Amino acid sequence: MLRLDTRFLPDFPQAFKEHGPLLLQAREALLAKRKDPQSMLGWMDLPEDTETLRRIRRYREANPWVEDFVLLGIGGSALGPKALESAFNESGVRFHYVDHVEPEPVLRLLRGLDPRKTLVNAVSKSGATAETLAALLVFLNWLRENLGEDWRRHLVLTTDPRRGALRALAEKEGLEAFSIPDNVGGRFSVLSPVGLLPLAFAGMDLEALLMGARKANELALAPLEENLPLKTALLQHLHRHLPITVFMVYSERLKYLPAWFVQLHDESLGKRDGEGNRVGTTAVPALGPQDQHAQVQLFREGPLDKLIVLVVPERATEDLLLPQVEGLEGEAGYLFGKGLFQLLKAEAEATYQALAEAGQRVYTLYLSEVSPYAVGWLLQHLMWQTAFLGELWGVNAFDQPGVELVKRLTLTFLERPGYEF
Ligand SMILES: O=P(O)(O)OC[C@H]1O[C@](O)(CO)[C@@H](O)[C@@H]1O
């Protein structure tokens, strides 16, 4: 269950009524693009794709020997699986993410792995991303050197259905490969094999994850009053004059979720609109309670230039009672016999009230609990929110032209003879 709370934004219910026609227009414009095969709206259909899930399940069952799962990928090809695996991995399989190009940690990882018990999953929609290709060169060579002809069983690819270097490698070497549908962009791909394959090895309840996402689809297509994605899209739209949107999650298990949302929001909406205006608000990640002892000072006394979104679980799947400890009555007595989750809830509520009291614009998304169903719902909800905002802000939420220059310059520098920086 996902619940929106706007009690410190008393003007919102009226604003929602007044903006009804605008929101319905935005939805209509978005859904009209669904017919266009070029439209990158395939993420809407991923929760219905049971055939891919079956194929992933079969592959998982056929490879019970995996003890270490190494994901090579960056951006949308890593952030989603990392956010969910770190929350729901109860399988005993150890996960490692090579979503960077720093040699020391890669060497440390290689020295600690047993190649006979390691599965490497290279994930790249384009098959052209330098960081992922560099990691693939390292791990493919390592597998070949250590496993001889058996290396192919230890490498699985997730990439474009037809194009790119990874698809070509899969065909040339007869490697297992899963497809990222053409009409699904990287930052919208967590419910495609990009996420589902590693999460199957993490033993996550994928049916519940996809069922939650289907619930978000249902609400995105529902009448206005029930339409949660249009409500939060309007909250972001009404506060577009505030340059920063903070995404603060009260869950240690979901500590990588803010990074996933930052890519989704910033890479989708940080654009030039049809008139060439620079559009977009900056998503900033935050964690509760950790940031109560860091960024909250700024949120309370710094500029009132933020819309703050808290994501708070309403129930714990299991709680931990705090024991009485003699000698600590003075400082900790008030905690004796309380549940740790009660402390989390009290801190989240205190932060919510303190931010509103400081004059910051703040609302909360309550998750019934940190479960595959509720988190599947939240992810798909945020993808709808972002897609609707693309319509409201007049930008294409599904391309990322601004990232290309860095790639071209990197290539130029590396191709320059004797380059030194
Ligand atoms: O999956 P790929 O094609 O390797 O791309 C990785 C990431 O790089 C980007 O293309 C940006 O450079 C993101 O949109 C994407 O999620």
Side-chain angles (χ1 to χ4, degrees), residues 38-43 46 52 70-85 97-101 106 120-140 155-170 175 177-199 256-272 280 282-283 285 379-380 382-383 386-387 389-390 395-414:
Q38 302 304 315
S39 72
M40 300 299 286
L41 299 179
W43 52 273
L46 291 175
T52 299
V70 179
L71 190 149
L72 315 177
I74 200 162
S77 290
L79 290 163
K82 193 172 184 176
L84 294 178
E85 180 270 322
Y97 298 90
V98 183
D99 56 355
H100 60 86
V101 286
V106 176
V120 177
N121 178 203
V123 185
S124 177
K125 179 176 173 68
S126 62
T129 301
E131 300 88 346
T132 308
L133 291 174
L136 180 59
L137 297 177
V138 170
F139 280 84
L140 200 161
L155 180 58
V156 57
L157 307 180
T158 306
T159 189
D160 185 281
R162 289 171 305 286
R163 292 177 298 260
L166 269 63
R167 180 53 62 182
L169 180 70
L175 301 173
F178 292 86
S179 297
I180 306 169
D182 288 331
N183 60 358
V184 174
R187 55 188 176 274
F188 289 84
S189 69
V190 59
L191 301 181
S192 78
V194 168
L196 299 183
L197 180 68
L199 296 169
Y256 295 118
L257 184 66
W260 173 84
F261 177 72
V262 165
Q263 186 206 18
L264 177 69
H265 185 88
D266 292 4
E267 202 178 63
S268 298
L269 303 169
K271 301 268 166 68
R272 289 186 180 271
T282 303
L379 295 173
Q380 193 78 358
L382 292 167
M383 289 188 255
T386 305
L389 279 170
V395 298
N396 174 356
F398 304 104
D399 65 0
Q400 55 282 330
V403 301
E404 296 310 319
L405 178 58
V406 172
K407 298 178 184 179
R408 289 199 301 275
L409 288 174
T410 301
L411 213 55
T412 314
F413 296 155
L414 287 173

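Every number for a ligand or one of its atoms is a count from 1 in the order of the listing. Everything numeric here is computed off the predicted structure, so don't read it as measured data.
Residues forming a side chain to side chain donor-acceptor pair (under 3.5 Å) with Ser192 (at least two apart in sequence, or on another chain): none. Scored by the side chain to side chain donor-acceptor pair (under 3.5 Å) test, Gln263 finds Glu267 as partners (sequence neighbours excluded).
Under the 4.5 Å side-chain criterion, counting only non-hydrogen atoms from C-beta, Val123 is not in contact with Phe178. Side chains of Asn183 and Leu41 form no contact here, defined as non-hydrogen atoms less than 4.5 Å apart.
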Protein N/O near ligand 1 N/O, under 3.5 Å, which pairs?
from     : atom 1 : to     : atom 2 : distance (Å)
ligand 1 : 1 (O)  : Ser77  : OG     : 2.7
ligand 1 : 1 (O)  : Lys125 : N      : 2.8
ligand 1 : 3 (O)  : Lys125 : N      : 3.4
ligand 1 : 3 (O)  : Ser126 : N      : 2.8
ligand 1 : 3 (O)  : Ser126 : OG     : 2.6
ligand 1 : 4 (O)  : Ser124 : OG     : 2.6
ligand 1 : 4 (O)  : Thr129 : OG1    : 2.5
ligand 1 : 5 (O)  : Thr129 : OG1    : 3.4
ligand 1 : 12 (O) : Lys407 : NZ     : 2.8
ligand 1 : 14 (O) : Glu267 : OE1    : 2.8
ligand 1 : 14 (O) : Glu267 : OE2    : 3.4
ligand 1 : 16 (O) : Gly76  : N      : 2.8
ligand 1 : 16 (O) : Gln263 : NE2    : 3.1

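Arg163 and Asp182 are joined by a salt bridge, as a carboxylate oxygen and a charged side-chain nitrogen come within less than 4.0 angstrom of each other.
Note on residues 73-85: pairs passing side-chain hydrogen bond (donor to acceptor under 3.5 Å, both in side chains), not counting sequence neighbours, are Lys82-Asp99, Glu85-Asn89, Glu85-Tyr97.
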